Amino acid sequence: MTDLSVITNTIIAGDREKICGLVQSAVDQGTKAGEILNTGLIAGMDIVGEKMQNGDMFIPEVLMSAKCMSDAVEILKPMLTEDEMSSSGHVVIGTVKGDLHDIGKNLVGMMIESSGFEVTDLGPDITPDAFIKTIQEKNADILALSALLTTTMPMMQQTIDALVESGLRDKVKVIIGGAPVNQDFADKIGADGYAPDAGSASKLVKELTA
Ligand code: B1M
């Protein structure tokens, strides 16, 4: 039987050359796809998230781990039963209108997806209406807003206001992040949470949907 801790450690190391071979050999030896996913891969990404939060891993390394995770999931997808594939919830993410920065937001989306959520990433420069339309279409549980400019911080407030007006505010939790925002700002605009980095964001999403 495959030692799944080797897969966990390979995810943490972000070793894209090794991960697919290890996952395939675990499958060949009869380990269930769901077990490889949860005990091997997601466990690895959880540790990556913690290390990022503690400053023990940096953005390029985290990106390698997230890419490793995507490669591995592609192998497992056809073998996962509907139950094993069922996600922990749906997250709609985007950078608010007027803001073109998307590198941090992409990382946050990848980390959340790696921890077992379905993610619809709308990209940068997203209007409140576009967020609302997608939340309705996907029946989303979480709206994740990113902003990198002090000038686009008010757009986070406007997006939450539009959500209230649409009648959807009670159905979806809102989290925010990005260099110029903090917990005080999140409280002020009525968001449900703030995360300083991608690792904390994926932890926060889990807490809010638990
Ligand atoms: Co711009 N830019 N930029 N820029 N840019 C900054 C943000 C700036 C701080 C540079 C500076 O002056 N020192 C400054 C903002 C100042 C301010 O408002 N306080 C700035 C400016 C002024 C501008 C322009 C106005 C410049 C101009 O045209 N005069 C312009 C604005 C364009 C627009 O958006 N309308 C502009 C344009 C650009 C580029 C297009 C050239 C490019 C963006 C490319 C892209 O994203 N595709 C760019 C870049 C690259 C930067 C810097 C250099 C790097 C940003 C980045 O990607 N960091 C940035 C300076 C800097 O940060 N050193 C700067 C890496 C990324 C992984 O970190 O995005 O912080 P970050 O994400 C982190 C956390 O913040 C957090 O987790 C991530 C990972 O840990 N996080 C979340 C982010 N979103 C989250 C969401 C969450 C939770 C956590 O939950 C939902």
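Atoms within each ligand, like the ligands themselves, are counted from 1 in listed order. Quick caveat: nothing in here was measured; it's all calculated off a predicted structure. Side-chain atoms are counted along with the backbone in the values below, which use heavy atoms only and exclude waters and symmetry mates.
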At a non-hydrogen distance cut-off of under 4.0 Å, which region of I59 contacts ligand 1 (side chain, backbone, both, or neither)?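 Side chain only.
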
Using protein heavy atoms only, decide if any is under 4.0 Å from atom 52 (C) of ligand 1.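 Answer no: nothing from the protein, no heavy atom, is under 4.0 Å.
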
What side-chain hydrogen bond (donor to acceptor under 3.5 Å, both in side chains) pairs are there with at least one residue in residues 89-107, not counting sequence neighbours? H90-T120, D99-H101, D99-T152, K105-D121

With a 4.0 Å cut-off on heavy atoms, does P196 reach ligand 1?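 True for this residue.
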
Applying a strict 4.0 Å limit to heavy atoms, is V108 in contact with ligand 1? yes

Any idea which heavy atoms bring S114 and I42 closest together, and the distance?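 Closest heavy-atom pair between S114 and I42: O-CG1, 3.6 Å.
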
Restricting to non-hydrogen atoms, name the atom on K51 and the atom on I12 that form the minimum distance, rounded to 0.1 Å. CE-CG2, 4.0 Å

Students should be able to answer this: which protein heavy-atom is nearest to atom 65 (C) of ligand 1, and at what distance? I103 CG2, 4.4 Å

What protein N/O/S atoms sit under 2.8 Å from atom 1 (Co) of ligand 1, by chain and number?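 Per the 2.8 Å query on atom 1 (Co) of ligand 1, atoms found are H101 NE2.
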
Identify whether the distance between the nearest side-chain nitrogen and carboxylate oxygen of D197 and K203 falls below 4.0 Å.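 K203 and D197: not salt-bridged.
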
Under a 3.5 Å threshold, yes or no: a donor from one side chain and an acceptor from the other, between D3 and S5?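 Judged by distance alone, the side chains do pair up.
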
Nearest option to atom 91 (C) of ligand 1, as decided by whichever heavy atom of L145, D102, L63 sits closest: L145

